There are 2 protein chains.
Amino acid sequence: VAINELTPTPTKSDRTRAAILRAAREQFGQHGYDRASIRAIAAQASVDPALVIRYFTNKESLFSAVVDIDLLVPDLTNVAPSTLGRRLTEHFLARWEGELSDGVLVVLLRSAATNPAAAERLRGVFVDQVIEGLRALGLSDDVERRATLVSSQLLGIALTRYILRLPGIADRPAAELVADVAPTIQRYLTGRLPAVRIR
Amino acid sequence: VAINELTPTPTKSDRTRAAILRAAREQFGQHGYDRASIRAIAAQASVDPALVIRYFTNKESLFSAVVDIDLLVPDLTNVAPSTLGRRLTEHFLARWEGELSDGVLVVLLRSAATNPAAAERLRGVFVDQVIEGLRALGLSDDVERRATLVSSQLLGIALTRYILRLPGIADRPAAELVADVAPTIQRYLTGRLPAVRIR
């Protein structure tokens with residue numbers, strides 16, 4: 001059938017892979033990285049643990065696969081330059097609060113606070129994405145500096161809202177936070193930054 | 001002697017207390033909150049563990065005493081309003097990087113990421129201080145909102161610079177970071193914030 005050539009039916013192996021990822025997402029979200037086990041993930045996905053290893057090699061790769069599913073940074077190429085800060089902030093909060101997040105991002109941030117490998121992973125899934133996003137927009141000056149400033153504010157929001165649960169941040173509607181924080185992100189992305197001595 | 005009436009000689013008990021705090025600061029910084037022990041702190045201070053308990057009741061109170069020694073928020077009462085953002089950001093970074101910090105703040109933030117009691121403590125030593133600082137300046141509108149926005153940016157800097165050690169944040173001189181971030185803090189402290197619907 002013509003339509004099947006365009007959108008092929010998922011194979012059995014696609015379905016198995018998806019079931020493992022769903023189970024992993026739930027187990028990591030519920031028990032944290034250290035206490036989640038390949039055995040429990042396999043049991044929840046109703047597959048043999050050996051199959052989990054065949055698909056994902058080890059727990060660390062499986063975790064990366066779970067976190068990479070949904071990008072933290074949206075495609076910014078068709079966004080008006082003056083609304084980049086708002087768009088990025090909205091997307092960031094939506095990703096942590098959307099039904100897809102399932103606490104996995106909180107697990108990632110928590111793990112990153114105590115585990116250098118997780119910190120490295122968080123850098124990969126977030127900072128590098130912001131850098132790529134800026135480059136895709138044709139921005140090239142101070143790209144790393146801007147991306148890390150953006151990260152400091154957005155990850156600071158994640159820390160205070162989802163981990164520390166500070167009253168005044170944790171209990172405000174996302175739209176209000178976006179309004180307060182978007183001008184900061186906009187300045188970091190496209191504003192004029194102070195001159196820095198060449199080192 | 002007259003001078004002794006004004007600046008009394010430290011008593012033996014003051015000295016013991018200071019020795020315990022010094023040892024605790026070092027043990028917490030080196031081993032983290034969970035793995036630091038009253039026994040090891042007492043040994044390093046050359047006192048009996050029972051004496052540590054008599055002075056500080058338990059490990060949690062001792063930890064609070066260590067962290068409370070140096071306030072994270074400076075006295076802002078004589079600071080020109082237009083330089084509040086810079087002053088607060090400078091002080092914050094200096095506290096984490098100064099010789100007095102000894103890694104205790106990093107331990108506090110790390111513990112707060114995984115432990116609700118530590119998160120509560122961080123709120124006490126930081127957010128409440130910013131709120132008090134704003135009130136001392138006679139500012140009264142949106143004080144909690146402003147203080148938590150400041151916290152989200154400054155704790156985000158601490159997270160990305162000292163914990164995640166993101167290149168582009170961790171390896172820049174503090175003065176450069178202050179220049180980039182101070183306008184954000186200034187806006188959160190004294191700028192016009194978006195109107196919020198009354199709920």
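Owing to the predicted nature of the structure, the values given are computational and were not obtained by experimental measurement. Residue numbers begin at 1 in each chain, while the letters A, B, ... track the order of the sequences.
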| task | Rounded to the nearest 0.5 Å, what's the gap from CD1 on Ile157(B) to CG on Leu149(A)? Could you check? | result |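 So the gap between those two atoms works out to 6.5 Å.
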Restricting to non-hydrogen atoms, name the atom on [X] and the atom on [Y] that form the minimum distance, rounded to 0.1 Å.
X         : Y         : result
Ala179(B) : Pro194(A) : O-CG, 3.4 Å
Val127(A) : Leu166(B) : CG2-CD1, 3.6 Å
Tyr188(B) : Asp180(A) : CE2-O, 3.7 Å

Using non-hydrogen atoms and a 4.5 Å limit, figure out which bit of [X] sits close to chain B: side chain, backbone, both or neither.
X         : value
Leu154(A) : neither
Thr160(A) : side chain
Glu144(A) : side chain
Leu164(A) : both

Which one, [options], leads in non-hydrogen pairs under 4.5 Å with chain B?
options                         : value
Arg161(A), Arg123(A), Arg165(A) : Arg123(A)
Leu193(A), Thr148(A), Ile163(A) : Thr148(A)
Gly156(A), Ser152(A), Ala119(A) : Ser152(A)

| task | With a 4.5 Å cut-off on heavy-atom pairs, point out which of Ala112(B), Gly191(B), Ala147(B), Pro167(B) contacts chain A the most. | result |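 With the most close heavy-atom pairs to chain A, the winner is Pro167(B).
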| task | Please examine the side chains of Arg145(B) and Arg172(A), heavy atoms only from C-beta on, and report whether any two atoms are closer than 4.5 Å. | result |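 Yes; the side chains approach each other to less than 4.5 Å.
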| query | Between Ser151(B) and Ile169(A), is any pair of side-chain heavy atoms under 4.5 Å apart? | reply |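 Counting from C-beta outward, Ser151(B) and Ile169(A) never come under 4.5 Å.
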| request: Decide side-chain contact (heavy atoms from CB on, under 4.5 Å) for Leu159(A) and Leu109(B); before the verdict, give the C-alpha distance in whole Å, the side-chain angles of both, and the deciding distance to 0.1 Å. | output: CA-CA 10 Å; Leu159(A) 174 71; Leu109(B) 185 51; 3.9 Å; yes
